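Okay, structure first, notes after.
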Amino acid sequence: MRASRKGEHISGAEGIFERSVINDAVRAYVDRAYSHSRGLPDRVVITIEELKVRPVFLKSLPVYTVDIKTNDEAWEFIKRFLFSVGVSMRAFENALFVVQSGIVMRGASIMTFKTGRRLEPDTARGVRATRLGITQEAEETLFSVIDSYKLNRTVVSEAIVLATKVAAFKDVIAELCVSDDPDYTTGYVSSKRTGYLRVPNIKEEGEKKGGRVIFVSEDADINGLIHYLENTPVVIDSIGEFKGIVSPDEAIPVFNN
Ligand code: PML
């Protein structure tokens with residue numbers, strides 16, 4: 001589902017479903033399109049496509065919530081985290097521009113982690129990860145954990161599914177996400193090695209700016225990555241651990257190699 005107003009992106013969502021639940025899924029997407037806090041769309045596009053290839057099945061990333069109380073603490077943590085996985089100051093600053101510029105992209109920016117070059121072919125649109133889903137059984141497990149932490153089921157589960165798909169590509173170093181939903185002030189940083197780290201207070205309440213940056217190696221196979229994000233179906237069939245609240249120091253990875 002893609003919802004926009006005067007050509008500007010409002011919201012988007014996708015899933016992989018059995019034929020028998022498609023009608024319900026479409027109804028739910030229409031409801032979402034018309035109830036987003038970014039406003040009412042004047043155009044909603046729903047596309048349904050049959051999968052032609054068998055999905056890749058993955059276990060979701062382990063989830064941590066970093067104990068962050070202020071916006072300054074959030075960005076100090078993000079900077080430390082990204083530096084710890086090898087992201088350079090230049091790439092960090094370029095990523096900051098992407099998530100704070102106010103240009104809301106439908107998809108993610110893809111950025112080399114050292115030189116900070118943007119590799120997405122269309123910098124206004126970005127690259128959107130689609131063809132991702134979760135089995136009914138895994139979703140029930142995930143929802144019950146999310147409920148136990150009193151979090152938003154839809155937002156958190158979809159973000160974990162997406163981050164898991166992104167992190168699984170060989171050339172991806174890390175991902176940074178700031179929601180463009182003005183009501184949602186928790187974002188995340190993630191990578192295959194560290195898991196999915198929820199970052200509260202990543203932005204101020206009411207702020208519409210947001211975005212995603214996928215940091216990749218300097219010699220990343222960009223065409224392979226775009227093809228993977230847009231076309232390879234990925235389904236989460238088991239759920240990684242929810243590790244609760246950790247301090248920023250505990251969340252910064254220490255790698256021995
Ligand atoms: C989004 O708005 O889709 C991104 C939300 C990212 C954070 C979700 C979470 O609370 O873990």
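Please read these numbers as outputs of a predicted model, since none were measured by experiment. We count ligands from 1, going down the list as the structure has it; atoms in each ligand are counted the same way.
- Close contacts between ligand 1 and Y196 involve ligand atoms 7 (C), 8 (C), 9 (C), 11 (O) [criterion: under 4.0 Å to a heavy atom].
- Taking every heavy atom of S179 and a limit of under 4.0 angstrom, the matching atoms of ligand 1 come to 1 (C), 2 (O), 4 (C).
- When each of D72, D67, I68 is checked for a side chain to side chain contact (heavy atoms under 4.5 Å, CB included) with F77, only I68 meets the rule.
- Using a 4.0 Å heavy-atom cutoff, T186 is listed among the residues neighbouring ligand 1.
- The aromatic rings of F169 and Y228 sit tilted, their planes meeting at an angle between 30° and 60°.
- Checking V216, L119, V98, I173 one by one against M111, the side chain to side chain contact (heavy atoms under 4.5 Å, CB included) holds for a single residue, V98.
- For atom 5 (C) of ligand 1, the nearest protein heavy atom (residue, atom name, distance) is V155 CG1, 3.7 Å.
- Near Y184, with a cut-off below 4.0 Å to any heavy atom, the atoms of ligand 1 are 7 (C), 8 (C), 9 (C), 10 (O).
- Side-chain contact check for R90 and S88: no donor-acceptor pair (N or O, by modelled atom type) lies under 3.5 Å.
- Of all the atoms in ligand 1, the ones that sit under 4.0 Å from a non-hydrogen atom of R212 are 3 (O), 4 (C).
- Look at K6 and D42 and you find no salt bridge, because none of the NZ, NE, NH1 or NH2 atoms lies under 4.0 Å from a carboxylate O.
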